[in-house]
Amino acid sequence: MAVERPTRTQGASSMAFAKKTATDDVFSFSAFDPSKLSDNFRDLAEKSSAKTKEALAKVKEATEEASKTVEATLQNAQAGTVELGMATIGMIRANTENSLAHLEALLGVKSVSELFELQTAYLRKQAEAAVEQAKALSETSKKVVENVSKPGKDAAEKAMSSFKLSA
């Protein structure tokens with residue numbers, strides 16, 4: 001059952017009343033279309049899903065690159081450790097052979113002056129060898145450090161160049 005309510009509309013100089021019924025909804029959204037809302041929501045969800053997939057792909061790529069960098073660093077560290085170990089063993093071997101040769105020479109000493117000469121020559125030779133060995137070990141260590149840090153440096157340079165390209 002419709003109840004009539006007067007409404008006020010402005011006319012030239014008089015007031016006119018139009019009839020409104022109770023079935024007219026004062027809260028109606030004549031422009032609201034639920035199908036457009038679901039379409040917009042679907043578009044938003046698809047875009048969000050695509051961006052998430054893109055972000056996950058970038059994270060996966062970065063993780064793989066980091067894994068490769070760590071693996072290369074560990075391989076270089078292992079190779080460097082072997083190289084340093086072999087160099088050290090070579091130095092120990094040379095020092096041992098020099099010491100044994102010196103002991104053999106000492107067994108044939110006939111006088112005290114010959115003993116002092118032999119001992120002085122041996123100590124001079126060992127001091128020179130120690131300086132050379134220290135230089136060689138330093139150079140080998142420097143090379144190993146460069147090889148171990150190279151994958152990290154390369155990865156950092158690649159990351160920085162990608163930031164420069166995207167900026």
Side-chain angles (χ1 to χ4, degrees), residues 27 29-167:
F27 297 108
F29 296 104
S30 59
F32 179 72
D33 185 6
S35 65
K36 288 183 181 178
L37 178 66
S38 64
D39 289 343
N40 288 340
F41 184 75
R42 187 178 301 112
D43 289 343
L44 178 66
E46 287 173 358
K47 288 177 184 177
S48 180
S49 175
K51 287 186 178 189
T52 301
K53 286 179 183 177
E54 182 181 316
L56 285 175
K58 287 181 180 180
V59 167
K60 180 182 176 189
E61 181 182 334
T63 302
E64 288 172 354
E65 287 295 321
S67 177
K68 288 177 186 177
T69 300
V70 168
E71 185 177 333
T73 300
L74 291 176
Q75 286 175 348
N76 289 350
Q78 180 184 14
T81 302
V82 169
E83 186 175 351
L84 282 170
M86 295 304 287
T88 304
I89 289 171
M91 291 174 193
I92 292 170
R93 182 175 284 133
N95 291 340
T96 303
E97 289 172 359
N98 288 336
S99 294
L100 290 173
H102 177 64
L103 284 174
E104 285 176 359
L106 286 177
L107 291 174
V109 169
K110 304 232 190 280
S111 69
V112 176
S113 63
E114 189 180 349
L115 173 71
F116 282 117
E117 274 182 50
L118 216 58
Q119 192 64 25
T120 304
Y122 172 74
L123 290 175
R124 186 179 308 120
K125 184 177 176 182
Q126 283 302 102
E128 291 171 358
V131 169
E132 289 302 315
Q133 289 171 351
K135 284 181 184 178
L137 197 57
S138 175
E139 290 171 8
T140 303
S141 297
K142 183 179 177 181
K143 185 175 111 181
V144 168
V145 167
E146 287 173 356
N147 287 341
V148 169
S149 64
K150 186 177 184 328
K153 284 181 183 178
D154 292 345
E157 287 173 4
K158 183 178 178 183
M160 293 307 285
S161 68
S162 71
F163 284 132
K164 290 178 184 175
L165 293 176
S166 64

Enquirer: In Å, rounded to the nearest 0.5 Å, how long is the span from OG1 of Thr88 to CD of Glu83?
Expert: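 Going from OG1 on Thr88 over to CD on Glu83, the span is 10.5 Å.
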
Enquirer: Would you check if the side chain of Ser138 reaches a backbone N or O of Ala134 as a donor-acceptor pair within less than 3.5 Å?
Expert: no

Enquirer: Salt bridge or not for Lys150 and Asp154, using N-O below 4.0 Å?
Expert: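 Here Lys150 pairs with Asp154 in a salt bridge, since their nearest N and O are under 4.0 Å apart.
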
Enquirer: Taking only Lys NZ, Arg NE, NH1 and NH2, and the carboxylate oxygens of Asp or Glu, determine whether Glu54 and Lys58 approach each other closer than 4.0 Å.
Expert: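 A salt bridge links Glu54 with Lys58.
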
Enquirer: So do the side chains of Ile89 and Arg93 get within less than 4.5 Å of each other, counting heavy atoms only?
Expert: yes

Enquirer: Kindly compute the distance separating CD (Glu64) from NZ (Lys68), expressed to the nearest 0.5 Å.
Expert: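 Here the rounded value is 6.5 Å.
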
Enquirer: Check whether any side-chain heavy atom of Asn76 sits under 4.5 Å from a side-chain heavy atom of Val144, and report yes or no.
Expert: no

Enquirer: To the closest 0.5 Å, what do you measure between NZ (Lys125) and NE2 (His102)?
Expert: 10.5 Å

Enquirer: In Å and rounded to the nearest 0.5 Å, what is the CG to OG distance from Asp43 to Ser48?
Expert: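 Rounded to the nearest 0.5 Å, the CG-OG separation comes to 12.0 Å.
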
Enquirer: Do Leu100 and Glu97 touch side chain to side chain, with heavy atoms closer than 4.5 Å?
Expert: no

Enquirer: Is it the case that more than 12 heavy atoms not belonging to Glu114 sit under 6.0 Å from its CD atom?
Expert: yes

Enquirer: If every non-hydrogen atom of Thr73 is compared with every non-hydrogen atom of Gly152, which pair is closest and at what distance?
Expert: OG1-N, 4.3 Å

Enquirer: Do Asn95 and Gln133 have a side chain donor and acceptor closer than 3.5 Å?
Expert: yes

